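Because the structure is predicted, anything quoted here is derived from the model rather than measured. When reading the values below, keep in mind they use all heavy atoms of this one structure, side chains included, and skip hydrogens, waters and symmetry mates. Whatever order the structure lists ligands and atoms in, that order sets their numbers, starting from 1. In what follows, residues are counted from 1 in the order of the sequence shown.
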Amino acid sequence: MKTAVKESDILALLKEASGGAEPRLGRFISGQAISEKLGVSRTAIWKHIGNLRKAGYEIEGHSRKGYSLTSVKERPFSALEVSTNIPTEFIGKTVLFFEELDSTNSKASELARDGAAEGTAVIAESQQKGRGRLGRTWHSPTGVNIYTSVILRPKTPPQATQTITLAAAIALAEAIEGSSGIRPAVKWPNDLLINGKKVAGILTEMSSEADRVNHIIIGTGINVNIDPATLPDDLRLPASSLMEETGREINRTELIRNLYSSLEKWYKVLLTEGSSGIVEAWKKYFTLVGKEVRIEGFKSVEGICLGIDSSGALLIKDRSGAIERIVAGDMGSDPS
Ligand code: BTN
(Lines give C-alpha, C1' and ligand atoms only; values in the text may rest on other atoms or scores of the structure.)
Protein backbone atom coordinates (compact mmCIF):
# COMPACT_ATOMS: atom_id res chain seq x y z
CA MET A 1 0.00 0.00 0.00
CA LYS A 2 1.19 3.51 -0.83
CA THR A 3 1.44 5.65 2.28
CA ALA A 4 2.05 9.11 0.86
CA VAL A 5 -1.44 9.71 -0.53
CA LYS A 6 -2.59 13.20 0.31
CA GLU A 7 -5.93 15.00 0.47
CA SER A 8 -4.96 16.68 -2.80
CA ASP A 9 -4.82 13.26 -4.57
CA ILE A 10 -8.35 12.43 -3.44
CA LEU A 11 -9.59 15.92 -4.29
CA ALA A 12 -8.07 15.61 -7.76
CA LEU A 13 -10.04 12.38 -8.39
CA LEU A 14 -13.26 13.88 -7.03
CA LYS A 15 -12.82 16.91 -9.28
CA GLU A 16 -12.05 14.76 -12.28
CA ALA A 17 -15.17 12.66 -11.67
CA SER A 18 -17.35 15.71 -11.21
CA GLY A 19 -16.22 17.50 -14.34
CA GLY A 20 -13.16 19.48 -13.27
CA ALA A 21 -13.55 23.19 -12.80
CA GLU A 22 -17.33 23.11 -13.08
CA PRO A 23 -18.58 20.23 -10.96
CA ARG A 24 -21.92 18.73 -11.97
CA LEU A 25 -24.06 17.27 -9.26
CA GLY A 26 -24.45 13.54 -9.07
CA ARG A 27 -21.11 12.49 -10.59
CA PHE A 28 -19.79 9.83 -8.20
CA ILE A 29 -16.51 7.96 -7.97
CA SER A 30 -16.59 4.74 -5.98
CA GLY A 31 -14.40 4.09 -2.96
CA GLN A 32 -13.17 1.00 -4.80
CA ALA A 33 -12.04 3.10 -7.80
CA ILE A 34 -10.22 5.58 -5.56
CA SER A 35 -8.61 2.73 -3.68
CA GLU A 36 -7.38 1.10 -6.89
CA LYS A 37 -6.14 4.33 -8.48
CA LEU A 38 -4.22 5.52 -5.42
CA GLY A 39 -3.38 2.22 -3.74
CA VAL A 40 -4.89 3.14 -0.39
CA SER A 41 -7.34 1.39 1.89
CA ARG A 42 -11.03 2.34 2.08
CA THR A 43 -10.44 3.42 5.70
CA ALA A 44 -7.68 5.81 4.63
CA ILE A 45 -9.97 7.27 1.95
CA TRP A 46 -12.70 7.77 4.50
CA LYS A 47 -10.23 9.62 6.77
CA HIS A 48 -9.07 11.89 3.91
CA ILE A 49 -12.68 12.60 2.89
CA GLY A 50 -13.33 13.63 6.51
CA ASN A 51 -10.38 16.04 6.40
CA LEU A 52 -11.57 17.52 3.10
CA ARG A 53 -15.02 18.09 4.59
CA LYS A 54 -13.42 19.79 7.59
CA ALA A 55 -11.53 22.03 5.13
CA GLY A 56 -14.89 23.17 3.72
CA TYR A 57 -15.50 20.84 0.75
CA GLU A 58 -19.04 19.50 0.43
CA ILE A 59 -18.74 15.82 -0.44
CA GLU A 60 -21.71 13.52 -0.65
CA GLY A 61 -21.11 9.90 0.41
CA HIS A 62 -23.29 7.07 -0.85
CA SER A 63 -22.93 3.44 0.25
CA ARG A 64 -23.16 2.02 -3.30
CA LYS A 65 -22.15 4.89 -5.56
CA GLY A 66 -19.19 6.26 -3.58
CA TYR A 67 -18.30 9.95 -3.27
CA SER A 68 -19.30 13.09 -5.14
CA LEU A 69 -18.00 16.64 -4.80
CA THR A 70 -21.16 18.69 -4.60
CA SER A 71 -19.97 22.18 -3.75
CA VAL A 72 -19.39 24.54 -6.67
CA LYS A 73 -17.56 27.13 -4.61
CA GLU A 74 -14.93 29.48 -5.88
CA ARG A 75 -11.51 28.00 -5.24
CA PRO A 76 -10.43 29.04 -1.74
CA PHE A 77 -6.86 30.28 -1.29
CA SER A 78 -5.22 27.25 0.31
CA ALA A 79 -2.27 24.89 -0.19
CA LEU A 80 -4.70 22.19 -1.26
CA GLU A 81 -6.36 24.23 -4.02
CA VAL A 82 -3.08 25.70 -5.24
CA SER A 83 -1.30 22.34 -5.56
CA THR A 84 -4.14 20.02 -6.64
CA ASN A 85 -3.75 19.09 -10.33
CA ILE A 86 -1.31 21.95 -10.90
CA PRO A 87 -0.03 21.51 -14.48
CA THR A 88 3.65 21.72 -13.56
CA GLU A 89 6.44 19.21 -13.15
CA PHE A 90 7.87 20.54 -9.89
CA ILE A 91 6.91 24.14 -9.02
CA GLY A 92 3.96 24.25 -6.61
CA LYS A 93 3.65 20.48 -6.23
CA THR A 94 4.54 21.01 -2.57
CA VAL A 95 3.01 24.15 -1.10
CA LEU A 96 3.48 25.27 2.50
CA PHE A 97 0.79 27.72 3.52
CA PHE A 98 1.07 29.96 6.60
CA GLU A 99 -1.41 32.44 8.04
CA GLU A 100 1.49 34.68 9.10
CA LEU A 101 5.24 34.74 8.55
CA ASP A 102 7.97 37.31 8.97
CA SER A 103 8.85 36.84 5.31
CA THR A 104 8.16 34.02 2.85
CA ASN A 105 11.69 34.52 1.47
CA SER A 106 13.21 33.95 4.92
CA LYS A 107 11.06 30.84 5.44
CA ALA A 108 11.90 29.45 2.00
CA SER A 109 15.66 30.03 2.60
CA GLU A 110 15.41 28.17 5.90
CA LEU A 111 13.60 25.27 4.20
CA ALA A 112 16.13 25.24 1.33
CA ARG A 113 19.03 25.08 3.81
CA ASP A 114 17.27 22.10 5.41
CA GLY A 115 17.10 20.34 2.03
CA ALA A 116 13.59 21.17 0.70
CA ALA A 117 13.08 20.01 -2.88
CA GLU A 118 13.27 22.24 -5.93
CA GLY A 119 9.87 23.76 -6.66
CA THR A 120 8.72 23.89 -3.04
CA ALA A 121 6.56 26.98 -2.63
CA VAL A 122 5.84 29.00 0.49
CA ILE A 123 2.72 31.18 0.73
CA ALA A 124 1.73 33.49 3.57
CA GLU A 125 -1.58 35.27 4.09
CA SER A 126 0.37 38.08 5.80
CA GLN A 127 3.99 39.04 6.45
CA GLN A 128 5.27 40.90 9.49
CA LYS A 129 8.63 41.75 7.91
CA GLY A 130 7.97 41.53 4.17
CA ARG A 131 11.13 42.58 2.35
CA GLY A 132 11.47 44.54 -0.88
CA ARG A 133 14.53 45.23 -3.01
CA LEU A 134 17.32 47.48 -1.80
CA GLY A 135 16.38 47.07 1.88
CA ARG A 136 12.83 48.36 1.50
CA THR A 137 9.77 47.03 3.34
CA TRP A 138 7.00 45.23 1.42
CA HIS A 139 3.57 46.12 2.82
CA SER A 140 1.91 42.75 3.51
CA PRO A 141 -1.56 42.99 5.11
CA THR A 142 -3.64 39.83 5.48
CA GLY A 143 -6.17 38.18 3.18
CA VAL A 144 -5.98 40.33 0.06
CA ASN A 145 -2.66 39.87 -1.72
CA ILE A 146 -0.13 37.25 -2.80
CA TYR A 147 3.16 36.77 -0.95
CA THR A 148 5.00 33.71 -2.17
CA SER A 149 8.53 32.33 -2.49
CA VAL A 150 9.70 29.42 -4.63
CA ILE A 151 12.88 27.38 -4.13
CA LEU A 152 14.98 26.69 -7.26
CA ARG A 153 18.09 24.55 -7.42
CA PRO A 154 19.68 24.98 -10.86
CA LYS A 155 22.61 22.65 -11.46
CA THR A 156 24.65 25.44 -13.04
CA PRO A 157 27.38 27.89 -12.05
CA PRO A 158 25.95 31.15 -10.59
CA GLN A 159 26.78 33.16 -13.78
CA ALA A 160 24.36 31.02 -15.80
CA THR A 161 21.44 32.31 -13.74
CA GLN A 162 22.07 36.04 -13.95
CA THR A 163 18.82 36.63 -15.85
CA ILE A 164 16.69 34.52 -13.48
CA THR A 165 14.99 37.65 -12.10
CA LEU A 166 14.10 38.74 -15.64
CA ALA A 167 12.68 35.24 -16.24
CA ALA A 168 10.60 35.62 -13.07
CA ALA A 169 9.40 39.05 -14.25
CA ILE A 170 8.20 37.59 -17.57
CA ALA A 171 6.42 34.78 -15.69
CA LEU A 172 4.77 37.30 -13.40
CA ALA A 173 3.69 39.50 -16.32
CA GLU A 174 2.19 36.48 -18.10
CA ALA A 175 0.36 35.34 -14.98
CA ILE A 176 -1.05 38.81 -14.33
CA GLU A 177 -2.20 39.10 -17.93
CA GLY A 178 -3.77 35.63 -17.77
CA SER A 179 -5.77 36.42 -14.64
CA SER A 180 -6.60 40.09 -15.15
CA GLY A 181 -6.73 40.44 -18.92
CA ILE A 182 -4.38 43.43 -18.70
CA ARG A 183 -0.87 43.27 -20.10
CA PRO A 184 1.51 44.86 -17.58
CA ALA A 185 4.78 46.61 -18.40
CA VAL A 186 8.07 45.78 -16.72
CA LYS A 187 10.27 48.44 -15.28
CA TRP A 188 13.90 47.38 -15.04
CA PRO A 189 14.76 45.14 -13.45
CA ASN A 190 11.55 43.64 -12.10
CA ASP A 191 8.76 46.03 -11.13
CA LEU A 192 5.43 45.19 -12.77
CA LEU A 193 3.35 48.22 -13.73
CA ILE A 194 -0.19 48.78 -14.95
CA ASN A 195 -1.07 52.29 -16.11
CA GLY A 196 2.27 53.48 -14.73
CA LYS A 197 1.53 52.17 -11.22
CA LYS A 198 3.35 49.34 -9.48
CA VAL A 199 1.23 46.25 -8.86
CA ALA A 200 3.91 43.63 -8.15
CA GLY A 201 7.60 43.10 -7.43
CA ILE A 202 10.18 40.35 -7.16
CA LEU A 203 12.94 39.79 -4.62
CA THR A 204 15.49 37.20 -5.74
CA GLU A 205 17.98 35.83 -3.22
CA MET A 206 20.71 33.33 -3.95
CA SER A 207 23.01 31.09 -1.94
CA SER A 208 25.98 30.00 -4.00
CA GLU A 209 29.62 29.02 -4.05
CA ALA A 210 32.15 30.07 -6.69
CA ASP A 211 31.15 27.36 -9.14
CA ARG A 212 27.71 26.19 -8.06
CA VAL A 213 24.34 27.43 -6.88
CA ASN A 214 23.02 26.01 -3.62
CA HIS A 215 19.57 27.50 -4.07
CA ILE A 216 17.72 30.52 -5.42
CA ILE A 217 14.62 31.96 -3.77
CA ILE A 218 12.19 33.79 -6.05
CA GLY A 219 9.97 35.93 -3.82
CA THR A 220 6.94 37.57 -5.39
CA GLY A 221 4.55 40.12 -3.94
CA ILE A 222 1.40 41.03 -5.88
CA ASN A 223 -1.10 43.69 -4.85
CA VAL A 224 -4.19 41.73 -5.81
CA ASN A 225 -7.40 42.81 -4.07
CA ILE A 226 -6.06 45.55 -1.82
CA ASP A 227 -7.54 49.05 -1.81
CA PRO A 228 -4.57 51.18 -2.98
CA ALA A 229 -5.67 53.96 -0.61
CA THR A 230 -4.46 51.71 2.23
CA LEU A 231 -0.97 51.27 0.69
CA PRO A 232 1.79 53.37 2.28
CA ASP A 233 3.02 56.31 0.19
CA ASP A 234 6.02 55.52 -1.96
CA LEU A 235 7.43 58.68 -3.47
CA ARG A 236 9.44 56.62 -5.94
CA LEU A 237 6.54 55.02 -7.75
CA PRO A 238 2.73 55.18 -7.28
CA ALA A 239 1.21 51.81 -6.36
CA SER A 240 -2.03 50.12 -7.33
CA SER A 241 -3.67 46.70 -7.24
CA LEU A 242 -5.15 44.36 -9.84
CA MET A 243 -8.60 44.90 -8.36
CA GLU A 244 -8.23 48.66 -8.69
CA GLU A 245 -7.03 48.44 -12.30
CA THR A 246 -9.59 45.86 -13.49
CA GLY A 247 -12.57 46.95 -11.38
CA ARG A 248 -13.14 43.39 -10.17
CA GLU A 249 -11.88 40.98 -7.55
CA ILE A 250 -9.18 38.59 -8.81
CA ASN A 251 -9.09 34.95 -7.71
CA ARG A 252 -5.75 34.52 -5.94
CA THR A 253 -5.65 30.74 -6.37
CA GLU A 254 -5.93 30.97 -10.16
CA LEU A 255 -3.34 33.74 -10.27
CA ILE A 256 -0.75 31.92 -8.18
CA ARG A 257 -1.24 28.70 -10.17
CA ASN A 258 -0.68 30.71 -13.36
CA LEU A 259 2.43 32.19 -11.77
CA TYR A 260 3.94 28.82 -10.83
CA SER A 261 3.23 27.37 -14.31
CA SER A 262 4.75 30.34 -16.07
CA LEU A 263 7.74 30.46 -13.75
CA GLU A 264 8.49 26.81 -14.45
CA LYS A 265 8.19 27.42 -18.21
CA TRP A 266 10.62 30.38 -18.25
CA TYR A 267 13.01 28.72 -15.80
CA LYS A 268 13.25 25.79 -18.22
CA VAL A 269 13.89 28.23 -21.09
CA LEU A 270 16.76 29.72 -19.08
CA LEU A 271 18.24 26.30 -18.32
CA THR A 272 17.96 24.99 -21.86
CA GLU A 273 18.55 28.09 -24.03
CA GLY A 274 20.50 30.38 -21.71
CA SER A 275 19.84 34.09 -21.27
CA SER A 276 19.14 35.03 -24.89
CA GLY A 277 15.54 33.70 -24.92
CA ILE A 278 14.86 35.42 -21.60
CA VAL A 279 16.26 38.79 -22.66
CA GLU A 280 14.23 38.75 -25.90
CA ALA A 281 10.97 37.87 -24.11
CA TRP A 282 11.57 40.44 -21.34
CA LYS A 283 12.11 43.24 -23.89
CA LYS A 284 8.54 42.78 -25.16
CA TYR A 285 7.22 44.06 -21.82
CA PHE A 286 9.70 46.94 -21.56
CA THR A 287 8.42 50.28 -22.79
CA LEU A 288 11.17 52.77 -21.93
CA VAL A 289 13.64 52.26 -24.80
CA GLY A 290 14.45 55.65 -26.33
CA LYS A 291 13.06 57.53 -23.31
CA GLU A 292 14.87 59.86 -20.92
CA VAL A 293 15.46 57.98 -17.68
CA ARG A 294 17.26 58.39 -14.40
CA ILE A 295 18.87 55.54 -12.48
CA GLU A 296 19.58 55.69 -8.77
CA GLY A 297 22.13 53.04 -7.91
CA PHE A 298 25.71 53.04 -6.74
CA LYS A 299 25.76 56.34 -8.64
CA SER A 300 23.05 58.39 -10.36
CA VAL A 301 22.91 58.25 -14.13
CA GLU A 302 20.62 60.23 -16.44
CA GLY A 303 20.25 59.75 -20.16
CA ILE A 304 18.51 57.91 -22.95
CA CYS A 305 17.57 54.30 -22.25
CA LEU A 306 19.00 51.94 -24.88
CA GLY A 307 17.52 48.75 -23.41
CA ILE A 308 19.30 45.80 -21.81
CA ASP A 309 22.32 43.77 -22.87
CA SER A 310 22.61 39.98 -23.10
CA SER A 311 23.26 39.68 -19.35
CA GLY A 312 20.25 41.80 -18.38
CA ALA A 313 22.24 44.94 -17.48
CA LEU A 314 20.63 48.28 -18.38
CA LEU A 315 22.33 50.47 -21.01
CA ILE A 316 22.07 54.26 -20.76
CA LYS A 317 23.55 56.83 -23.11
CA ASP A 318 24.46 59.77 -20.90
CA ARG A 319 24.64 63.45 -21.86
CA SER A 320 28.27 63.12 -22.99
CA GLY A 321 27.32 60.29 -25.36
CA ALA A 322 29.08 57.65 -23.23
CA ILE A 323 27.22 54.38 -22.69
CA GLU A 324 26.82 53.39 -19.05
CA ARG A 325 26.13 49.76 -18.13
CA ILE A 326 24.05 49.50 -14.96
CA VAL A 327 23.77 46.22 -13.06
CA ALA A 328 21.84 47.33 -9.96
CA GLY A 329 19.63 50.23 -9.04
CA ASP A 330 16.24 51.78 -9.41
CA MET A 331 14.85 53.22 -12.58
CA GLY A 332 12.74 56.33 -12.93
CA SER A 333 11.50 57.84 -16.18
CA ASP A 334 11.21 61.51 -17.08
CA PRO A 335 14.09 62.89 -14.99
CA SER A 336 12.91 66.49 -15.43
C1 BTN B 1 10.29 44.83 -4.66
O2 BTN B 1 9.60 45.24 -5.60
O3 BTN B 1 10.98 45.60 -3.98
C4 BTN B 1 10.27 43.37 -4.36
C5 BTN B 1 9.12 42.99 -3.47
C6 BTN B 1 9.08 41.51 -3.14
C7 BTN B 1 8.06 41.19 -2.07
C8 BTN B 1 7.89 39.72 -1.91
S9 BTN B 1 6.46 39.31 -0.95
C10 BTN B 1 6.97 37.64 -0.89
C11 BTN B 1 8.47 37.63 -0.71
N12 BTN B 1 8.82 37.70 0.70
C13 BTN B 1 9.41 38.84 1.02
O14 BTN B 1 9.80 39.17 2.17
N15 BTN B 1 9.56 39.60 -0.08
C16 BTN B 1 9.03 38.95 -1.25
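- Atoms CD1 and CD1, on Ile151 and Ile216 in that order, are 12.0 Å from each other to the nearest 0.5 Å.
- Inclusion of Tyr147 in the set of residues having an N or O under 3.5 Å from an N or O of ligand 1 is not warranted.
- Within the 4.0 Å heavy-atom criterion, neither part of Leu134 lies near ligand 1.
- No donor-acceptor contact under 3.5 angstrom links the side chains of Asn51 and Arg53, judged on distance only.
- Under 3.5 Å, the side chains of Thr148 and Tyr260 contain a donor-acceptor pair of N or O atoms.
- A donor atom on one side chain and an acceptor atom on the other are not found under 3.5 Å apart for Ser30 and Arg64.
- Checked against a 3.5 angstrom limit, the closest N/O atoms of Gln127 and ligand 1 fall inside it.
- Here the straight-line distance linking atom CG of Asn225 with atom CZ of Arg248 works out to 10.0 Å at 0.5 Å rounding.
- Judged purely by distance below 3.5 Å, without hydrogens or angles, the side chains of Ser241 and Asn223 never pair a donor atom with an acceptor atom.
- Side chain to side chain, Asn258 and Ser179 meet the donor-acceptor criterion of an N or O pair below 3.5 Å.
- Note: no N/O pair closer than 3.5 Å links Trp138 and ligand 1 by distance alone.
- Taking the charged nitrogens against the carboxylate oxygens, Glu245 and Lys197 do have a contact shorter than 4.0 Å, which makes a salt bridge.
- An N or O contact shorter than 3.5 Å links Thr104 to ligand 1 by distance.
- Remark: ligand 1 atoms within the under-4.0 Å shell around heavy atoms of Asp191 are 2 (O).
- Nearest non-hydrogen protein atom to atom 3 (O) of ligand 1 is Arg133 N, 2.7 Å.
- Proximity of Arg136 to ligand 1, defined as any heavy-atom pair under 4.0 Å, is not found for any part of the residue.
- Shown in contact with Gly221 at under 4.0 Å from a heavy atom are these atoms of ligand 1, numbered in order with element: 7 (C), 8 (C), 9 (S).
- Of the protein's non-hydrogen atoms, the one nearest atom 16 (C) of ligand 1 is Arg131 O, 3.7 Å.
- Atom numbering of ligand 1 starts at 1 in the shown order; those under 4.0 Å from a heavy atom of Thr148 are 10 (C).
- Heavy atoms of Thr220 found under 4.0 angstrom from ligand 1 belong exclusively to the backbone.
- For the residue pair Ser240/Glu244, the side-chain donor-acceptor check at 3.5 Å is not satisfied.
- Less than 4.0 angstrom separates some heavy atom of Gly130 from each of these atoms of ligand 1: 14 (O).
- Of the protein's non-hydrogen atoms, the one nearest atom 2 (O) of ligand 1 is Lys198 NZ, 2.5 Å.
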